[in-house]
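Written out below as structure tokens is the structure these notes cover.
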There are 2 protein chains.
Amino acid sequence: MSEFLEQCRALLGATYVLEAPQDMAPYLNDWRGRFCGKALAVLRPASVEQLAAVVKACAAHQVPIVPQGGNTGLVLGSVPDSSGLAVVLSLGRLNSIRNIDVANRTMTVDAGCILAQIQQAAAAEGCLFPLSLASEGSCTIGGNLSSNAGGTAVLRYGNTRELCLGLEVVTAQGDIWDGLRGLRKDNTGYDLRDLFIGAEGTLGIITGAVLKLYPQPQASITALAAMGTPEQALKLLKLMQDHCGASLTGFELMSRVCLELVAQQFPALPQPFAARHAQYVLLELSSNESEQHAVNLLERAIGAALDDAIIADAVVASSVAQSLGLWQLREHIPLAQAKAGKNIKHDISLPVSSIPEFIATTAPLLNQAFPDCQLVCFGHLGDGNLHFNVAPPEGVGHDAFLANQAAVNRLVHDSVDRYGGSISAEHGIGALKKDELARYKSPLELALMRSIKAALDPQGIMNPGKIL
Amino acid sequence: MSEFLEQCRALLGATYVLEAPQDMAPYLNDWRGRFCGKALAVLRPASVEQLAAVVKACAAHQVPIVPQGGNTGLVLGSVPDSSGLAVVLSLGRLNSIRNIDVANRTMTVDAGCILAQIQQAAAAEGCLFPLSLASEGSCTIGGNLSSNAGGTAVLRYGNTRELCLGLEVVTAQGDIWDGLRGLRKDNTGYDLRDLFIGAEGTLGIITGAVLKLYPQPQASITALAAMGTPEQALKLLKLMQDHCGASLTGFELMSRVCLELVAQQFPALPQPFAARHAQYVLLELSSNESEQHAVNLLERAIGAALDDAIIADAVVASSVAQSLGLWQLREHIPLAQAKAGKNIKHDISLPVSSIPEFIATTAPLLNQAFPDCQLVCFGHLGDGNLHFNVAPPEGVGHDAFLANQAAVNRLVHDSVDRYGGSISAEHGIGALKKDELARYKSPLELALMRSIKAALDPQGIMNPGKIL
């Protein structure tokens, strides 16, 4: 291995081959503190060519590679295992915005660009790059693409997959595939782009991308609606989409428990309703026309929902500040959960139509198996994506309750599976859910995936131990 | 082979194993009459299970399979070669709509369903399935998916790929992969769905799909704008998208030559402008709110374009009948071309921003190489997709001119390649453009495709001679 490392130093410069434990530490730690891996070295190439050359060296010496962007993933997909045999290949120095083509509504970027940097560069040209998620200040677009990140704008704009037109990828053999096409239509052979997207670095390393840009809306207006049941939330979704079409850009379900938790942990945040309701929906409408258009449309739709008794009450934000205040309620749910103590998290998706029944059948099963556990259920209802988190009963220690993690996961995921849902809606599989994947995917689907893995990475050096 | 055919008859019933030339003819002929292939037999299974059993028999006997839907493709992708060794596997009897889930906005269908049947079933539930193209009365959704069909609604709703959430596929080994998930978010491993979509039946046979449905707009309003140059058309596109966002559902460029051709061949169709202009754009706006909203928005945007001197003139349709009349002008271009005689067609795409320069540089090259040839340029400008067709000079016979086909293709496609475009925007590769693909794709991309083909279809029995 000393010959290999010597080669890396020659290719990158010694400064960018990290071997000292204190230098490597940030690259080896899961940011949620669940795991710390080991590595032979951390490599930090400055260009795609350097990166490709390093991959060729890895391939020649059969050194496993863990590609890494912002290392903000939630499923242990970007940290090495504890063998110490792999290198971490950091994309952090590939961080240039290569080109913005406003007339084509595209932007070409290095994979190591921070998501917020991309959002800002788009905004500076009067465009919107709609991908938005909690870690946007530190995650990279390469990581977003490799994990097909979701976030809060999926309802209108789709997942990261739908926001990408072309890719540049370094293959497991160290070749550079230039698929950086900025085309809306291209039917020339197999869809390699979408194969690398969501593959979590197990088939190759995404080094650049052509992203879609959208017109910046003139205004976004938010409302909070209160209702009795998830069925009514679903009816509200249909009504809003029928009335507003693509103008509906956000639809977030939150149960009463969620808002009570936020009120307990963050008493300074204003709570909009005096009365208690079982379910709440935060909805956002965006207009390319005007703020007034958005307000009118939202008030009309909310009025129809009140008339039809789909909702019990609603507040429409009358200013941008008030809109932000409503979003803060939603965004403080995970923060309030973290303050309250550990809990068992799930990132599941379901056919939207099954969500009321899924909640109605799964909650009692949980309560039967784990009496008095608390369900903290919220999420992107419009996408069928719930964060279906389970907290300990009052008085039970969080660490003690976490001993139930595997059993709780099993119960929830088995129920998800019965409704044709997914055990990973937006976080991916990584190392964390590999065994779960093996349980819920059909043997045929796993075999198809393995044959593709073997075709593109026959040595098995690309992010081993992740997904498969 | 007689043992194989005996097995097929046992599996399907003798009625559904066609061997007589007159029975097979419709399945062997390219509908545009350019080619007639040969086959061992035409097989017409009634169910996915029958189809899978037949594929197993083919795999056992190494019989090549040509999957076929409506056989309306444009690139010889669904007809067998002239060897007579292959079977045509018709999906025509798999034509049930399995399920419509309005609350999930999805529909699950057999691959052999006719596109128009799907559109109608969606409309009956108050939903929109937006895929729309000229052959919708006879093409099947399986063919649309296998060729990732485009059409007239791509600007707003995307290609067929973007309209599909899940697939059922019979593999080259005759196994049934059930990937019929109706989920908006699902990050559990490799994106097999998008690998089979657009693969033109060379990796497996799509037998079923979960399709996305949308709210039916309340109204669609059409306008025709006239301008001097493609640059101005591009400026109009940006202005319209900035003003109207997702409400802009159509944006079709047509040169003067196109409308003159329609006027010559179909003199009964009303031509909206007295004065002559160099370029025209047909634009369509849809609103989920009301017809009045669509009209107001369209008139406001058109007014802004007139104020900015981006366009010279415009008519806004004041009724649905008038809207249809404007669309008819666009739809009669290919019909007028067919009446006028044969021409050399191209289905290209480019970065939208490159289109003016592409036209400005490619048209003179054509005129230099083929003096006085006529360029009939129209297409989905909003998608960067041009039908860049070349007709003979006046007085030159069409058949004589068609002798130049390869040279004309070369000139146009080389130019497309220089601008980072695609030689097949929406029609696919099939057998027709296989050599062109080999010319314009990088050796690395071809090698990646071949390795995937070898992984999923190691015997090479799935639609051989297509794409690769």
Side-chain angles (χ1 to χ4, degrees), chain A residues 101 103-104 147-148 150 154 159 162 175 177-178 181-192 194-195 197-199 215 234 238 241-246 288 297 349 351-353 383-385 420-429 437 441-442 444-445 448-449 451-452 454-456 467, chain B residues 101 103-104 147-148 150 154 159 162 175 177-178 181-192 194-195 197-199 215 234 238 241-246 288-289 297 349 351-353 383-385 420 422-429 437 441-442 444-445 448-449 451-452 454-456 467:
Chain A
D101 182 346
N104 195 38
S147 63
N148 186 28
V154 174
N159 297 289
E162 281 84 40
D175 295 318
W177 171 51
D178 178 359
R181 295 185 275 265
L183 303 174
R184 255 76 187 176
K185 280 181 171 174
D186 179 25
N187 282 345
T188 52
Y190 303 153
D191 183 8
L192 299 175
D194 285 307
L195 196 54
I197 294 176
L234 204 59
K238 178 165 185 342
Q241 289 186 319
D242 285 342
H243 273 72
C244 311
N288 289 77
L297 185 54
S349 73
V352 176
S353 50
D383 315 322
N385 178 193
S422 165
I423 59 160
S424 179
E426 54 178 7
H427 297 165
I429 300 298
L437 190 78
K441 285 278 175 193
S442 68
L444 177 61
E445 189 162 342
L448 287 167
M449 287 190 206
S451 71
I452 288 166
L456 298 187
I467 299 184
Chain B
D101 182 348
N104 196 39
S147 63
N148 186 26
V154 174
N159 298 288
E162 281 85 39
D175 296 318
W177 171 52
D178 178 359
R181 295 185 275 264
L183 303 174
R184 255 76 187 175
K185 281 182 170 174
D186 179 24
N187 281 345
T188 52
Y190 303 153
D191 183 8
L192 300 174
D194 285 306
L195 196 55
I197 294 176
L234 205 59
K238 178 166 185 342
Q241 290 186 318
D242 285 342
H243 273 73
C244 312
N288 288 77
E289 299 173 45
L297 184 54
S349 72
V352 175
S353 50
D383 316 322
N385 179 194
S422 165
I423 61 160
S424 179
E426 54 178 7
H427 297 165
I429 300 298
L437 190 78
K441 284 279 175 190
S442 68
L444 176 62
E445 189 161 343
L448 287 167
M449 286 190 207
S451 70
I452 288 166
L456 298 187
I467 300 183

If I measure from the heavy atoms of chain B, does [X] come under 4.5 Å with its side chain, its backbone, both, or neither?
{"X": "Asp186(A)", "value": "both"}
{"X": "Asp194(A)", "value": "both"}
{"X": "Ile467(A)", "value": "side chain"}

Task: Donor on one side chain, acceptor on other, Ser422(A) and Lys185(B), under 3.5 Å - done: no
Open item on the list: Quiz question: by atom type and distance under 3.5 Å, do the side chains of Asn187(A) and Ser424(B) form a donor-acceptor pair?
Closed with: no
- [ ] Identify, with sequence neighbours excluded, every residue that meets side chain to side chain contact (heavy atoms under 4.5 Å, CB included) alongside Ala199(A).
- [x] Thr202(A), Leu203(A), Tyr190(B)
Task: Partners passing side chain to side chain contact (heavy atoms under 4.5 Å, CB included) against Glu289(B) (at least two apart in sequence or in another chain) - done: His293(A), Leu297(A), Arg300(A), Ser287(B), His293(B)
Which atom pair, heavy atoms only, marks the closest approach of [X] to [Y]?
{"X": "Ala455(B)", "Y": "Ser451(A)", "answer": "CB-O, 3.6 Å"}
{"X": "Arg184(B)", "Y": "Asn159(A)", "answer": "O-ND2, 3.0 Å"}
{"X": "Leu456(A)", "Y": "Leu448(B)", "answer": "CD2-CD2, 3.8 Å"}

Task: Validation row: Asn288(B), His243(A) side chains within 4.5 angstrom (heavy atoms) - done: no
TODO: Carefully, step by step, assess Ile452(A) and Leu192(B) under the rule side chain to side chain contact (heavy atoms under 4.5 Å, CB included).
DONE: CA-CA 9 Å; Ile452(A) 288 166; Leu192(B) 300 174; 3.5 Å; yes
Leading residue by heavy atom contact count with chain A [cutoff under 4.5 Å; candidates [options]]:
{"options": "Gly245(B), Gly420(B), Gly384(B), Pro351(B)", "value": "Pro351(B)"}
{"options": "Arg181(B), Glu445(B), Glu426(B), Gln241(B)", "value": "Glu445(B)"}
{"options": "Gly150(B), Ala103(B), Gly428(B), Ser353(B)", "value": "Ser353(B)"}
{"options": "Val352(B), Val154(B), Leu437(B), Thr188(B)", "value": "Thr188(B)"}

Task: Heavy-atom pairs under 4.5 Å with chain B, option from Asp178(A), Leu183(A), Leu195(A), Asp175(A) with the top count - done: Leu183(A)
TODO: Look at Ile429(A), Ile197(A), Asn104(A), Asp101(A) and state which one has the largest set of heavy-atom pairs under 4.5 Å with chain B.
DONE: Asn104(A)
